[in-house]
2 protein chains.
Amino acid sequence: MLPAMSTEDRRRREREAREALFIERAHERIREDGLLGLQMSKLAADCEYATGTLYQHFESREDLLAAVAARTTRERAGRFRAIPELALGTRSRMLAIVLTDIDFAAQNPDYYRLTQYLVTEVVWANVSVPRREALLEAGRPISEAVHAVVAEARERGDLPPAREISEEEMGLGPWALNVGMQSLANAQGLLDAYDIHRPYDHLIRHFHALMTGWRWEPRLDPDEPAVVRAETDRVRAALRAAGIGEQ
Amino acid sequence: MLPAMSTEDRRRREREAREALFIERAHERIREDGLLGLQMSKLAADCEYATGTLYQHFESREDLLAAVAARTTRERAGRFRAIPELALGTRSRMLAIVLTDIDFAAQNPDYYRLTQYLVTEVVWANVSVPRREALLEAGRPISEAVHAVVAEARERGDLPPAREISEEEMGLGPWALNVGMQSLANAQGLLDAYDIHRPYDHLIRHFHALMTGWRWEPRLDPDEPAVVRAETDRVRAALRAAGIGEQ
DNA sequence: GCCGATTTGTGAATCCGGTTCAAAAATCGG
DNA sequence: CCGATTTTTGAACCGGATTCACAAATCGGC
């Protein structure tokens, strides 16, 4: 019985290794040639397996894309774990979360595009349920970080006590602001058409307006560019010191 | 020469009518069967033309989708035109813009999905330049409405004078917030996973936080649910009275 | 170690739908 | 009315995701 079990174990490990290989190579392909550059048969050949073998791991191309996204989301989520422990005020830590996300997106443009494509109804419909759940699960540490910071802010009195709004729902504001700005900034030619430049600077200012509007102390006027810039620099320095956001 | 010219005119009109027919039918198809239900040869057959004829109007499937989106965007943009003239304070008019957008998206879920899919890098790359420009152009009245309201708010002193921020850049905040919330609300299962409900109620509250953070008068505390609800109702009533937002 | 049963891997064939293009039809100018 | 030009046609083409009949590998009992 024991040898059978260890055999079974080995085979499962090998299977997992093969899946990891597929995901890794797929990601490379996407990074180098874009989403269109990823072809199922080419990828299988790259990894020295038959096309059919690839389909034993992923139900469809979309399923594979979701797996790639989940892997990178785990990496991204890792960056947020240490933020609640940073030696900064709660409001600055909230800014740290936003900055970390901006930086990750800037360093991984292909990841941003991939997730944007994935959540498209047409594509999402072809992702298997377990992969969907894995992708959602991968992002959990991010919402946990947000939750922790909001909860602490309330405890400390930096943020007025909740009135019909949970920690998650409070975090929803900056989250939506972030997602929306990424989306607008990435739509080729859109902001240019309205003569809007440096969208991420504006994101930060609007973030401060939002936080100040919720009376998150210490209030910071979004309309004081110099103050906003100084705070951004200060928080970025703290992130760097904590080793968060390194390539 | 004259008959030739009128012939030419007629042919151009016929061509435009045909194009409108294609776009109209394509939109119906999408509404009924989703984006995947739209097939070029089927659509051509539906309209009683050959596939090749369809390709004389649209360079690709994506190009056709962009044309559909532009048409609906024009309809959507039309709703915003009258908002700057509404008998409401500037801040309430800004809210009117947000509410109008929420309502349009709620009434046209397929339109939201279509644009989300279109601005995806992979898809956008296959849209011809004129169609891209037409789509961007179609949204112009919206940004004009925003510009007008922000500019008037500054003139009247409802909003402090600009400091390194244009009217468009001020409008970018609520715009991003809107886009981001739509995006999150539409990602199947995402907000549920974090136990967040009624995302549009939160969008409105965060909108008020944002405006209050920029010191847009009369300031309204996002943390007063009853006040927020009353203001929403009041503005919705004004919109209804002006005939904006009817199906 | 050997053998039939079962599981896993293979890659050529299938399928699908977007796109093309040679031929047919319509229109034009004289 | 006629040849030249433009427009329309839809069957053929093509690329790439997916399948599946077959082959190879592994297994469990002897």
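Chain identifiers are assigned alphabetically (A, B, ...) following the order of the sequence lines, protein sequences preceding nucleic acid strands; residue numbering begins at 1 within each chain. Side chains included, hydrogens not; waters and symmetry mates left out as well; all remaining heavy atoms used.
Partners of F104(A) by ring-ring contact (aromatic ring centres under 6.0 Å, His included), not counting sequence neighbours, listed by chain and number: Y111(A). Residues satisfying the side chain to side chain donor-acceptor pair (under 3.5 Å) test with N126(A), not counting sequence neighbours, are none. Considering only residues two or more places apart in sequence or on other chains, R236(A) meets the side chain to side chain donor-acceptor pair (under 3.5 Å) condition with D103(A). Listed by chain and number, the residues in a ring-ring contact (aromatic ring centres under 6.0 Å, His included) with H206(B) are W214(A) (sequence neighbours excluded). By the side chain to side chain donor-acceptor pair (under 3.5 Å) test, E14(B) pairs with R10(B), sequence neighbours left out. Residues passing the ring-ring contact (aromatic ring centres under 6.0 Å, His included) test with H57(A) are F22(A), sequence neighbours excluded.
Contact annotation: Q56(B) reaches the phosphate of dT8(D) (side-chain N/O to OP1 or OP2, under 4.0 Å). At dT10(C), one or more side-chain N or O atoms of T53(A) fall inside 4.0 Å of OP1 or OP2 (strictly under the cut-off).
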Please output the side-chain donor-acceptor pairs of residues 40-48 of chain B that fall under 3.5 Å, not counting sequence neighbours, one pair per line with the distance.
| unit_1 | atom_1 | unit_2 | atom_2 | d |
| --- | --- | --- | --- | --- |
| K42(B) | NZ | Q39(B) | OE1 | 3.3 |

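Straight-line distance from the CG atom of L54(A) to the C1' atom of dG9(C): 12 Å, rounded to whole Å. The interatomic distance linking E14(A) (CD) with dT8(C) (P) rounds to 13 Å, in whole Å. Taking atom OH of residue Y49(B) and atom P of nucleotide dT9(D), one finds them 7 Å apart after rounding to whole Å. The CZ atom of R15(A) sits 15 Å away from the P atom of dT26(D) (whole-angstrom rounding). Rounded to whole angstrom, the span from the CZ atom of R11(A) across to the P atom of dT8(C) amounts to 6 Å. Whole-Å rounding puts the F58(B) CZ to dT8(D) C1' distance at 16 Å. Protein atom CZ of R12(A) is 18 Å distant from nucleotide atom P of dT7(C), rounded to whole Å.
Of the residues in residues 16-34 of chain B, not one comes within less than 4.0 Å of DNA chain C through any heavy atom.
At most 12 heavy atoms of other shown residues, nucleotides or ligands fall within 6.0 angstrom of atom CD in Q188(A).
Minimum heavy-atom separation, F80(B) to A145(B): O-CB, 3.7 Å.
With a 3.5 Å ceiling on both atom-pair distances, the Watson-Crick or G-U wobble partner of dT7(D) is dA24(C).
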Just by protein heavy atoms under 4.0 Å, how would nucleotides 17-22 of chain C read 5' to 3' in B, S and -?
SSBB--
